[in-house]
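Chain identifiers are assigned alphabetically (A, B, ...) following the order of the sequence lines, protein sequences preceding nucleic acid strands; residue numbering begins at 1 within each chain. Treat the numbers as computed from the prediction; the structure is a model and nothing was measured.
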Amino acid sequence: MTLKFYNTLTKQKQTFEPIDDKNVRMYVCGPTVYDYAHIGNARPIIVFDVLFRLLRHTYGADHVTYVRNITDVDDKINARADKEGISIAEVTKRTTDQFHKDIKALGVLEPTVEPRATDHIKEMIEMNKTLIEKGHAYVAEGHVLFSVPSMRDYGRLSNRTLDEMIAGARVEVASYKKDPTDFVLWKPSSGNEPGWESPWGFGRPGWHIECSAMSEKYLGKTFDIHGGGIDLTFPHHENEIAQSRCAHGTDHMANLWMHNGFLQVEGEKMSKSLGNFITINELLEKWPGDVLRLNMLRTQYRQPIDWTENGLDESYDALKTWYSRCEFGKANELDETVFNALADDLNTPKMIAALHQLKGDGLAGSLKALGFTGNLDDPRLNSLDETAIQALITARNQARADKNWAESDRVRDELDVMGVVLKDGPDGTSWEAKR
RNA sequence: GGCCUCGUGGCGGAGUGGCUACGCAGCGGAUUGCAAAUCCGUGUACUCCAGUUCGAUUCUGGACGAGGCCUCCA
C-alpha cells in the first residue's frame, strides 16, 4: 500500500510518507474568482480530487484534510467589477457560485475546508508583521515587501539562483524595491480598490501571502502535500515557501510539491485571442460531467494534455462501454489493479487500462470511488420531446413489422433530423441523442 | 540566454535491457430488411547518430524536434 509521487522539490518520484498518518494534510491553490472557470482551471481541480480520493482510500476518509482556497481579492477582480459596473462582491459571488456548480458536475468532492482570502486578512497582517520583525520584510511607500536576499536558499523549488533571476529580470523594477527580486506582501489601496486597515495604512494583501496564511491556519506550519498548476511553481509557490519558512523558521513548508501540466485545445494554446477559450460551463451544455472528467484523466497529470473533440468522443464511448458492463449500486471500492495504477504517481492512463479489464462490481465500485456517477444522459435531452420520440419509434416498428421499409426508413430519417439516433437490439429499439 | 518536461503504431497513451500494454480508428467476419449499435478476429511503432551490452525502444553521450516557466495565467 505504498504511494509514490513525483516531487517538484526533489525532481524525483518518491515514496509518500505522511507526517501524521492520522491526519494527512494537503493544500491546493484554488481559483481566483473573476471569471467563469475554463477547462484548464478544471485540471488541477480534477487531478487533486483524484489524489484526495486516493488518500482517503489509503488512510481513511476521516484522516485526510484537504484545503482548497478561493482567491477573492485580486486586481483582476477589481478590473472586472469596474468593466461591468457592478460591485466586487457581486463578481466574486457570481463567479464562486458558478465555480461550485461547475465542479460539482465534474464529480469533484468538496474539500475539507475552502477558505476565502478576504476572511483571513488578519492572519496575513500577522504574518507580515512577523516577517518584518525577523528582518525578512520591510516597509516602503505604503508597501510591505519581502526581502528575497534575506533568504539563503530561495529558489530551490523552481531551481533557480538569485543571480539567474536578477540577470533574467525583464520587468521594470519599482523604485521602492531594495532588490529587483523582492515581491509584494501588502500594497496600498485607493479609490474604489478593496482595502483593509493595517499597520502600514489602508491596503490589500499581495497574492502570495494569502496561501501562506491560510495553509498555516488549517494545516499548520508544515504539512504533507501542496499542489497546483505548473505555472504556479514560480513565482507563486516559490514565494509561498519563502514567506512560510521565514515566518516560521522551518526548513520546509510542504514535503511534497505536485504540479499538473498545462492544457492545449486542438493543438493550440488556449487563449482569448485565438477564440478557443472554453469554459467548463459551456462544455457541460453538451457533454455529461463524467465525460469531461474521464477525458481529463486520459493523460497523466504531469504531461501536457491536448483537449480535443475527438478525445471527448472517445471518452464518451469508453464510459458507455463500461456502464454497459456493470450496474452502479452498493459497490464503491477501488479494485486493486486500479489502486496500484494510481499509487504510481497517479498513473491514470494505466488506471483506464485496468478499468477496461474489469466488469461487474469491481468496475462499478472503482468508477464510483473515482468520482464517476454512472449517468451519461445527454444534457440537451430536456429539449427533446420524449413522448413524440416514443410515438415515432412505435410507428417505425409497426412499419418494420409490416415490412414497409420505405416508411420505416423515412421515420428513422425524421428522428435523425431531430437529433435522435436509434439502436435496434434483441430487446427492442432504444435511442440516444446524436453527437 | 537560463531552467524544466518530453519525443512510442493512423490517433490517444502505458511500459520494459531480451517475452512489444490498453483504448479509438482501419480491415475481415457474425448479427441486421438496410444502417447504427453490439460481438469475435486482425495488421501496424518505439525521432536520428554514436557508445555500453551477448542483446536497447528501454542505460550513457550527442544531434534534431515539441511544449512550458523566467511577466500576480491552472
Side-chain angles (χ1 to χ4, degrees), chain A residues 6 8 11 28-32 34-35 37-48 71 73-76 155 157-161 163-172 181 183-184 187 205-210 227-236 238-239 259-264 267-272 277 294-295 297-306 308 310-311 313-318 320-322 324 341 344 347-357 399-406 408-409 412-413 416 421-426 429-432 434:
Chain A
Y6 181 85
T8 308
K11 315 262 181 298
V28 172
C29 293
T32 299
Y34 69 101
D35 200 356
H38 57 69
I39 189 62
N41 293 313
R43 192 170 190 192
I45 301 293
I46 292 174
V47 163
F48 292 107
T71 298
V73 51
D74 186 277
D75 289 355
K76 287 195 291 289
L157 181 71
S158 53
N159 195 29
R160 62 193 77 206
T161 66
D163 289 346
E164 280 170 12
M165 277 180 289
I166 292 163
R170 295 191 302 203
V171 281
E172 203 175 317
T181 57
F183 58 88
V184 172
K187 56 187 164 189
W207 177 34
H208 313 301
I209 194 70
E210 62 171 88
I230 192 162
D231 58 311
L232 296 180
T233 309
F234 186 91
H236 186 53
E238 197 70 77
N239 291 350
H259 292 100
N260 62 272
F262 252 51
L263 175 147
Q264 293 191 308
E268 287 187 307
K269 181 167 177 156
M270 184 165 60
S271 73
K272 286 184 175 162
F277 202 84
L294 179 64
N295 199 239
L297 298 176
R298 298 197 329 149
T299 305
Q300 203 261 358
Y301 76 97
R302 287 192 283 127
Q303 306 294 35
I305 181 172
D306 190 15
T308 63
N310 185 48
D313 278 331
E314 283 192 26
S315 299
Y316 178 87
D317 287 342
K320 202 164 62 172
T321 303
W322 291 341
S324 74
D344 180 17
N347 192 333
T348 50
K350 208 170 171 183
M351 163 196 97
I352 289 170
L355 289 169
H356 278 298
Q357 306 309 314
R400 291 172 72 207
D402 298 341
K403 297 200 190 301
N404 184 350
W405 309 130
S408 155
D409 290 350
R412 185 166 65 197
D413 289 344
D416 186 74
V421 179
L422 299 181
K423 291 189 291 186
D424 297 324
T429 302
S430 63
W431 63 277
E432 64 183 40
K434 187 166 69 175

* Sort by first number and list every stem of RNA chain B: at least 3 consecutive Watson-Crick or G-U wobble pairs, both distances under 3.5 Å. =>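 Output for stems: B:1-7 with B:64-70, B:10-12 with B:22-24, B:26-30 with B:38-42, B:47-51 with B:59-63.
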
* Using a 4.0 Å heavy-atom cut-off, write out nucleotides 10-17 of chain B from 5' to 3' as B (base contacted by protein), S (sugar-phosphate only) or - (no contact). => --SSSS--

* Is there a side-chain polar atom (N or O) of A:Y34 under 4.0 Å from OP1 or OP2 of B:rC73? ->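 No, outside the criterion.
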
In whole angstrom, what separates [X]'s [atom1] from [N]'s [atom2]?
{"X": "A:D231", "N": "B:rG68", "atom1": "CG", "atom2": "P", "result": "12 Å"}
{"X": "A:D317", "N": "B:rU38", "atom1": "CG", "atom2": "P", "result": "7 Å"}
{"X": "A:L294", "N": "B:rC24", "atom1": "CG", "atom2": "C1'", "result": "12 Å"}
{"X": "A:F234", "N": "B:rC73", "atom1": "CZ", "atom2": "C1'", "result": "15 Å"}
{"X": "A:F262", "N": "B:rC6", "atom1": "CZ", "atom2": "P", "result": "17 Å"}
{"X": "A:N159", "N": "B:rC69", "atom1": "CG", "atom2": "P", "result": "17 Å"}
{"X": "A:W322", "N": "B:rG23", "atom1": "CH2", "atom2": "C1'", "result": "9 Å"}
{"X": "A:I352", "N": "B:rC24", "atom1": "CD1", "atom2": "P", "result": "12 Å"}

Under 4.0 Å between any heavy atoms, over every strand shown, what does [X] touch: base, sugar-phosphate, or nothing? Just pick one.
{"X": "A:D424", "value": "base"}
{"X": "A:L232", "value": "sugar-phosphate"}
{"X": "A:H259", "value": "nothing"}
{"X": "A:L355", "value": "nothing"}

Expressed in whole Å, how much space separates the [atom1] atoms belonging to [N] and [M]?
{"N": "B:rA21", "M": "B:rA14", "atom1": "P", "value": "16 Å"}
{"N": "B:rC19", "M": "B:rC4", "atom1": "C1'", "value": "36 Å"}
{"N": "B:rU71", "M": "B:rU52", "atom1": "P", "value": "44 Å"}
{"N": "B:rC48", "M": "B:rU57", "atom1": "P", "value": "9 Å"}
{"N": "B:rG13", "M": "B:rU20", "atom1": "C1'", "value": "15 Å"}
{"N": "B:rG65", "M": "B:rA25", "atom1": "C1'", "value": "26 Å"}

* Asked: Ignoring hydrogens and angles, are the base of B:rA35 and the side chain of A:R412 linked by a donor-acceptor pair under 3.5 Å?
  ->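 Between B:rA35 and A:R412, which were checked side chain against base, a qualifying N/O pair under 3.5 Å is present.
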
* Asked: Is the base of B:rC3 touched by the side chain of A:K11 through a donor-acceptor pair closer than 3.5 angstrom?
  ->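 Per atom types, no contact qualifies.
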
* **Residue whose nearest RNA chain B nucleotide is more 5′ - A:R400 or A:A354** =>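 Going by which nucleotide is closer to the 5' end, it is A:A354.
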
* To do: Drop me the distance from A:M351's CE to A:H356's NE2, to the nearest 0.5 angstrom.
  =>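 With rounding to 0.5 Å, CE (A:M351) is 9.5 Å from NE2 (A:H356).
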
* side-chain contact (heavy atoms from CB on, under 4.5 Å) evaluation trace for A:T348 with A:Y301 -> CA-CA 8 Å; A:T348 50; A:Y301 76 97; over 6 Å; no

